[in-house]
*Asks:* 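Below is a structure I'd like to ask you about.
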Protein chains: 2
Amino acid sequence: MGAFRKSVSSKRVEVLKALAHPSRLLITEALMNGELCVGAIQALVGDDVSTVSKHLTILRAAGVLRSEKRGLNVFYQLGCDCFGEFLQCVDQVCPSSTSSGSKTKMCC
Amino acid sequence: MGAFRKSVSSKRVEVLKALAHPSRLLITEALMNGELCVGAIQALVGDDVSTVSKHLTILRAAGVLRSEKRGLNVFYQLGCDCFGEFLQCVDQVCPSSTSSGSKTKMCC
DNA sequence: TATCTATTTGGCTATACTGCCAAATAGATC
DNA sequence: GATCTATTTGGCAGTATAGCCAAATAGATA
């Protein structure tokens, strides 16, 4: 890997890595509409519950999501409100990287 | 993986995946100061040249970087100017994910 | 043309990640 | 306490990724 600073922006890499997976991005996008419990997320994603749980662990460890236990359920929600802006940034980093048509403004 | 829409935001995932690697993020951050040829990038990262070349291929395929051949050299540069904003967004997605101290404003 | 430099590509091994099943844990209800 | 539901954890097999070396390509220079 080439021993260098490499670990300087390791937190950024952790966040990016957490989001750089179809299921995990889908989950995070879904939580923009409000919190969901694991069962609901599992139904949304379609993977095995254990797989979903591990995805959620990764997202929470990166700080992208927070979790809260209420009764038997564990509810997950976004760590901050700015995830929508973040997605816009992603769409803008590469020219025409909009996934859902073209409702996002181009910056360059 | 659970057959679902999953491929809807595949472009976003591609961009995120490209940046979710220490060397590739380092390269992209370095290019904020202007274009660099492969040799210079290799010196910066410290990996083997072939490894660096593959990283650059991934970043270019995702649309994050553009390349231009001049003489024997291939120069790489950012695909757009908004990468700085993007990094700010990354730092804001998770609470206190700032890597380089705390000069980035908190959003939540 | 021969050669030299810069970069890319192919191929290989080591490592990391994904996703499933089964088992364990935690809390609610009987 | 027994049982039921929701979630997490351990472990494994399959797949993908990383990084090195060697070879190939592309263009410059002799």
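Order of the sequence lines fixes the chain letters, A, B, ..., with proteins taken first and strands second; residue numbering starts at 1 for each chain.
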*Asks:* Is a side-chain donor or acceptor of A/Gln42 paired with a backbone partner of A/Asp47 at a separation under 3.5 angstrom?
*Replies:* yes
*Asks:* Is A/Arg70 touching bases, backbone alone, or none of the nucleic acid, heavy atoms closer than 4.0 Å?
*Replies:* nothing
*Asks:* Rounded to whole angstroms, how far apart are CG on B/Leu25 and P on D/dA18?
*Replies:* 13 Å
*Asks:* Is B/Tyr76 touching bases, backbone alone, or none of the nucleic acid, heavy atoms closer than 4.0 Å?
*Replies:* sugar-phosphate
*Asks:* How close or far is atom P of D/dA6 from atom CG of A/Leu36, stated in whole angstroms?
*Replies:* 15 Å
*Asks:* Give a yes or no answer on whether the side chain of B/Thr28 reaches the backbone of B/Arg24 with a donor-acceptor pair at less than 3.5 Å.
*Replies:* yes
*Asks:* Nearest-Å distance, CG (B/Asn73) to P (D/dT29)?
*Replies:* 11 Å
*Asks:* Check every atom of D/dC20, D/dT8, C/dT7 against the side chain of B/Asp47 and return the nucleotide holding the closest atom.
*Replies:* D/dC20
*Asks:* Among A/Lys11, A/Lys17, A/Arg12, which residue meets the salt bridge (charged side-chain N to carboxylate O under 4.0 Å, His left out) test with A/Glu14?
*Replies:* A/Lys11
*Asks:* Think B/His21 has a side-chain N or O under 4.0 angstrom from the OP1 or OP2 of D/dA16?
*Replies:* no
*Asks:* Given 3.5 Å as the limit, does a donor-acceptor pair link the side chain of A/Thr57 with the main chain of A/Ser53, or not?
*Replies:* yes
*Asks:* Grab the NZ-C1' distance between A/Lys17 and C/dT15 for me, whole Å please.
*Replies:* 11 Å
*Asks:* Grab the CD-C1' distance between B/Gln42 and C/dT7 for me, whole Å please.
*Replies:* 11 Å
*Asks:* Nearest nucleotide by nearest heavy atom, which residue falls closer to the 5' end of DNA chain D, A/Ser67 or B/Ile58?
*Replies:* A/Ser67
*Asks:* Does A/His55 place a side-chain N or O at less than 4.0 Å from the phosphate oxygens OP1/OP2 of C/dC17?
*Replies:* no
*Asks:* At their closest point, which heavy atom of A/Ser67 faces which heavy atom of A/Val74, and how far apart are they?
*Replies:* CB-CG1, 3.9 Å
*Asks:* If I take atom CD1 in residue A/Ile27 and atom P in nucleotide D/dT7, what distance separates them, rounded to the nearest angstrom?
*Replies:* 13 Å
*Asks:* When you check the gap from the basic side-chain N to the acidic O, do A/Glu68 and A/Arg70 get nearer than 4.0 Å?
*Replies:* yes
*Asks:* State which residues pass ring pair (Phe, Tyr, Trp, His ring centres under 6.0 Å) with A/Phe75; sequence neighbours excluded, sorted by chain then number.
*Replies:* none
*Asks:* Please give, in whole Å, the distance from C/dT8 C1' to B/Arg60 CZ?
*Replies:* 9 Å
*Asks:* If I take atom CZ in residue A/Arg24 and atom C1' in nucleotide C/dC17, what distance separates them, rounded to the nearest angstrom?
*Replies:* 8 Å
*Asks:* Identify the pairs formed between an N or O of the protein and an N or O of nucleotides 21-27 of chain C at a distance under 3.5 Å, and give each distance.
*Replies:*
residue: C/dC21; atom: N4; partner: A/Ser50; partner atom: OG; Å: 2.9

